[in-house]
2 protein chains.
Amino acid sequence: MIASEFEACQYARNQRKSSDVNDKNSSKRPTIYDLAELVGTSPTAVSSVLNGSWKKRRISQKLADKVLKAAQENGYTVNIQASVLRRERSNIVGMILPKYDNRFFGAIAEEFETRARAAGLFPVITCTQRDPALELAAARELLSYQVDCLISTGATDPDQISDLCRAAGVKTLNLDLPGTKAPSILSDNFTGARDLTRIILDACERDFGVVDPLLFIGGRKDDHNTQERLRGFLAAHTEREISMPQSQIISEGYAPEKARQSLMAMRRIPHGIFVNSTITLEGVVYWLQSLPAERASRIRCGTFDFDPFGALLPQNVGMVRQDVQGLLARTFEVIKSGKDSAETELVACHLEMPSF
Amino acid sequence: MIASEFEACQYARNQRKSSDVNDKNSSKRPTIYDLAELVGTSPTAVSSVLNGSWKKRRISQKLADKVLKAAQENGYTVNIQASVLRRERSNIVGMILPKYDNRFFGAIAEEFETRARAAGLFPVITCTQRDPALELAAARELLSYQVDCLISTGATDPDQISDLCRAAGVKTLNLDLPGTKAPSILSDNFTGARDLTRIILDACERDFGVVDPLLFIGGRKDDHNTQERLRGFLAAHTEREISMPQSQIISEGYAPEKARQSLMAMRRIPHGIFVNSTITLEGVVYWLQSLPAERASRIRCGTFDFDPFGALLPQNVGMVRQDVQGLLARTFEVIKSGKDSAETELVACHLEMPSF
DNA sequence: CAATCATGCTCCATCGGTTGAGCAACTGCT
DNA sequence: AGCAGTTGCTCAACCGATGGAGCATGATTG
């Protein structure tokens with residue numbers, strides 16, 4: 001008898017499981033073998049019903065229904081590890097992200113997850129605390145999970161990660177900070193910064209009749225984004241023939257406290273300030289609070305990156321909001337296209353003006 | 001000859017791989033079988049060297065060194081899918097998180113990842129946009145990745161997720177919002193809110209000589225955390241024998257715009273305001289901007305949850321900062337203890353006073 | 001009525017790593 | 001020399017899902 005032979009074979013294959021099939025207290029989750037035994041069919045049939053290939057494999061509707069019902073009743077979930085091991089693709093997309101502590105990275109994380117899910121992929125984000133060693137370790141870890149694709153966001157050393165991915169034959173892409181060994185998708189920091197600078201210059205001229213160089217504060221000179229923003233900042237001054245003294249560019253890190261101290265130490269307080277990040281803006285606000293109200297009201301500032309509280313500051317004349325949706329739309333397009341030339345692509349920013 | 005038999009067997013096992021071993025252009029990553037062939041040993045030996053069990057398995061230092069060198073040179077990374085499939089534990093811990101758009105959840109995500117890594121576990125966070133259906137789908141997905149443990153943070157319906165986990169025999173735990181079917185770890189919303197209310201009442205009395213009921217704004221009445229905070233808010237009034245009119249409690253959601261409109265519509269503007277979230281605080285600040293400066297200066301407010309910009313508002317007298325480190329410390333302790341009784345545990349908040 | 005085809009399913013090898021069992025070879029002891 | 005014990009390694013089964021190959025049926029056609 002073929003049927004009993006099959007059953008015997010199943011039983012031999014997995015004694016413990018078989019005896020647990022009808023045991024609701026069993027903590028082991030059911031497998032396709034368990035369902036096959038319950039329904040009285042083969043594991044292959046069960047698998048193909050559950051993964052959708054059953055039509056192609058000419059399984060009858062009747063059997064499919066029985067299998068689906070059994071799966072439902074027994075709370076079956078596929079074992080992805082086994083599935084991925086067997087298939088060529090994992091459908092997992094990994095992302096390395098420096099921090100979750102600001103709106104920009106938070107929005108990137110959410111948008112990435114949403115788009116990945118919409119594309120039928122499983123997103124895994126891992127946060128690397130701006131630590132190069134952790135970035136590398138995390139990349140390696142994601143690779144060992146067989147990600148199909150790895151996105152390095154704001155990575156300290158994206159090229160090293162690209163190398164790892166290349167060795168593993170995994171697609172990769174740099175977001176927010178460029179690398180030379182994979183496609184890079186960035187905000188147009190130059191244009192955003194230039195437009196913001198113009199707005200601040202306009203406000204100073206309009207409100208105070210002053211045409212002075214602005215103060216640039218925050219960021220690091222060795223940081224690509226700071227360099228580009230500085231370039232935009234200087235371009236806006238050059239086009240108005242305002243010369244820029246070196247002392248007006250303070251780029252000694254993003255930390256709020258550092259910015260506050262630098263501002264406190266200045267002999268001549270500028271009317272217009274270009275703030276290079278929302279985190280630096282915290283320090284600027286702290287400093288503003290220490291000024292007499294009348295003096296504080298005679299300052300205008302604009303910030304690169306958006307924060308809803310920052311936008312409500314009376315001194316605020318504009319914030320550059322990066323187009324997170326646009327950045328990730330392009331990211332997924334590039335992934336899909338399979339392109340892997342190390343070209344850099346810019347996505348325009350949006351200038352958010354105060355609405356009050 | 002045993003050696004040649006072994007090699008022949010290996011070759012038969014995997015023709016394509018074997019011929020690729022020395023091919024640097026091959027995009028396939030090396031496996032333990034490849035390394036075994038390179039070094040001239042068995043896959044078992046390679047595996048045990050690479051996963052650290054070689055001492056126990058009495059592999060010689062010499063062979064271990066050779067294997068490690070080969071692994072290094074060929075950029076070997078373990079295939080976790082295969083490894084997890086065979087082992088009983090995955091060492092993956094999953095977390096469901098509503099949003100990444102505020103400091104609280106951002107900090108939870110970072111702290112969770114840090115602690116998981118420190119415990120030798122692999123953290124996977126997935127963001128569910130406060131969507132109950134997505135929460136459930138995400139939980140199912142994480143289970144199919146064989147997570148050892150699943151943490152529901154701020155989940156709409158944590159009990160449903162607990163049920164899923166129970167069926168799969170997976171440990172689970174609720175964070176930030178309580179459930180009835182798994183251990184819950186929450187901030188002590190009651191005490192935090194009561195203490196904050198006291199501070200605001202103190203400030204109104206000290207600065208304006210007024211002993212009036214405060215305004216409570218933000219949140220939802222059916223939300224556990226709002227209920228607890230409201231209880232603390234009322235307790236602080238009761239202990240001072242201040243009676244609370246219903247009209248002073250506005251709990252129609254967290255949205256900033258909603259809060260602003262409610263405030264605009266009030267006939268009598270209160271001196272003291274209890275703001276139930278930083279997101280609601282945005283609306284309050286928006287409204288403050290619309291007031292004459294002199295009037296705005298005669299308001300004191302405190303907020304549940306912390307935001308660095310919010311802390312810098314001149315009207316701010318305190319922010320309740322939830323103890324994210326404490327919450328996650330307890331979370332990991334409970335996980336480790338294996339406890340699964342549905343008890344709720346409270347973690348104290350910290351009252352952050354303005355420092356200027 | 002035999003040959004052909006479609007239908008509905010099962011068998012088996014496979015993905016890569018892990019683990020219990022076991023086997024040579026060598027050492028030390030009586 | 002004989003035996004136990006140690007050292008250093010290999011074998012083979014297994015985890016759960018998947019897909020190509022193939023095998024009985026039953027229906028259709030010349």
Side-chain angles (χ1 to χ4, degrees), chain A residues 2-3 5-7 9-10 12-17 28-37 39-64 66-67 71 76-90 144-146, chain B residues 2-3 5-7 9-10 12-17 28-37 39-64 66-67 71 76-90 144-146:
Chain A
I2 289 172
E5 264 173 47
F6 176 63
E7 275 174 41
C9 153
Q10 287 301 308
R13 184 182 187 286
N14 197 332
Q15 297 182 27
R16 188 172 37 72
K17 284 285 177 54
K28 300 297 284 183
R29 56 230 300 174
T31 69
I32 53 168
Y33 298 93
D34 300 325
L35 295 184
E37 204 189 350
V39 172
T41 184
S42 70
T44 302
V46 172
S47 171
S48 63
V49 167
L50 294 171
N51 70 24
S53 68
W54 60 283
K55 204 86 206 214
K56 202 177 63 192
R57 292 181 74 90
R58 296 187 308 223
I59 301 294
S60 66
Q61 182 75 52
K62 196 178 136 207
L63 178 56
K66 279 204 290 184
V67 167
Y76 173 83
T77 42
V78 65
N79 182 327
I80 298 271
Q81 320 292 357
S83 176
V84 166
L85 177 58
R86 185 54 171 74
R87 289 177 323 199
E88 68 301 346
R89 298 194 46 201
S90 70
S144 75
Y145 278 85
Q146 316 298 110
Chain B
I2 288 172
E5 263 174 48
F6 175 64
E7 275 174 42
C9 154
Q10 287 301 308
R13 184 182 187 287
N14 196 332
Q15 297 182 26
R16 187 171 37 73
K17 283 285 178 53
K28 301 296 285 181
R29 56 232 297 175
T31 69
I32 53 168
Y33 299 93
D34 300 326
L35 295 184
E37 205 189 350
V39 173
T41 184
S42 69
T44 302
V46 173
S47 171
S48 63
V49 167
L50 294 171
N51 70 23
S53 67
W54 60 282
K55 206 82 207 222
K56 201 178 65 191
R57 292 183 75 88
R58 295 184 313 221
I59 301 293
S60 66
Q61 183 74 53
K62 195 178 141 208
L63 179 55
K66 278 205 289 185
V67 168
Y76 173 84
T77 42
V78 65
N79 181 329
I80 298 272
Q81 318 292 359
S83 174
V84 166
L85 177 59
R86 185 54 171 79
R87 289 179 321 200
E88 66 303 344
R89 299 196 47 201
S90 69
S144 75
Y145 278 87
Q146 316 298 109

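Proteins come first, then strands; the chains are lettered A, B, ... in the order of their sequence lines, and each starts at number 1.
Using a 4.0 Å heavy-atom distance criterion, A:Ile80 is classed as making no nucleic acid contact. Counting any heavy atom pair closer than 4.0 Å across all strands shown, A:Ser83 reaches sugar-phosphate atoms only and no base atom.
Protein atom CG of B:Asp34 is 8 Å distant from nucleotide atom P of C:dG16, rounded to whole Å. Atom P of nucleotide C:dG16 and atom CD of A:Gln81 are separated by 15 Å, given to the nearest angstrom. Here D:dT7 presents its C1' atom at 14 Å from NZ of B:Lys62, a figure rounded to the nearest Å. Note: CD1 (A:Ile59) to C1' (C:dC11) measures 13 Å, nearest angstrom. For B:Glu37 and C:dG17, the CD to C1' distance is 17 Å, given to the nearest whole Å. Atom CD of B:Glu88 and atom C1' of C:dT19 are 11 Å apart (whole Å). Distance A:Arg87 CZ to C:dA13 P: 23 Å, rounded to the nearest Å. In this structure, B:Asn51 places its CG atom 13 Å from C1' of C:dG16, rounding to the nearest Å.
For C:dT10, one of the phosphate oxygens OP1 or OP2 lies less than 4.0 angstrom from a side-chain nitrogen or oxygen of A:Ser42. Phosphate contact (OP1/OP2 of D:dC15, side-chain N/O of A:Asn79, threshold under 4.0 Å): absent.
You'll find the side chain of B:Leu63 reaches within 4.5 Å of the side chain of B:Thr41, heavy atoms only. With a 4.5 Å cut-off on side-chain heavy atoms, B:Asn79 and B:Thr31 do not count as touching.
With sequence neighbours left out, the side-chain hydrogen bond (donor to acceptor under 3.5 Å, both in side chains) criterion links A:Gln61 to A:Asp65.
Judged purely by atom type and a 3.5 angstrom limit, A:Gln81 has no side-chain atom pairing as donor or acceptor with the backbone of B:Ala82. A distance-only check finds a donor-acceptor pair linking the side chain of B:Ser42 to the backbone of B:Ala45 [under 3.5 Å]. A side-chain donor-acceptor contact under 3.5 Å links A:Ser90 to the backbone of A:Gln146.
Residue B:Ser60 has its side chain nearest to D:dG8 when only D:dA17, D:dG8, D:dG16 are considered. Candidate nucleotides C:dG17, D:dA17, D:dC9 were compared by shortest atom distance to the side chain of B:Thr41, and D:dC9 ranks first. When the nucleotides D:dG16, D:dT18, C:dG17 are ranked by their closest atom to the side chain of B:Arg86, C:dG17 comes out on top. Distances from the side chain of B:Tyr33 to the nucleotides D:dG16, C:dG17, C:dT18 place C:dG17 closest.
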Expected rows: protein N/O vs nucleotides 20-23 of chain D N/O, under 3.5 Å:
residue : atom : partner : partner atom : Å
D:dG20  : N7   : A:Arg57 : NH1          : 3.4
D:dG20  : O6   : A:Arg57 : NH2          : 2.4

Side chain to side chain contact (heavy atoms under 4.5 Å, CB included) assessment of A:Leu50 paired with A:Leu35 = CA-CA 11 Å; A:Leu50 294 171; A:Leu35 295 184; 4.0 Å; yes

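Residues A:Ala45 and B:Leu50 each lie close to DNA chain C; by heavy-atom proximity, the contact nearer the 5' end of the strand is made by A:Ala45.
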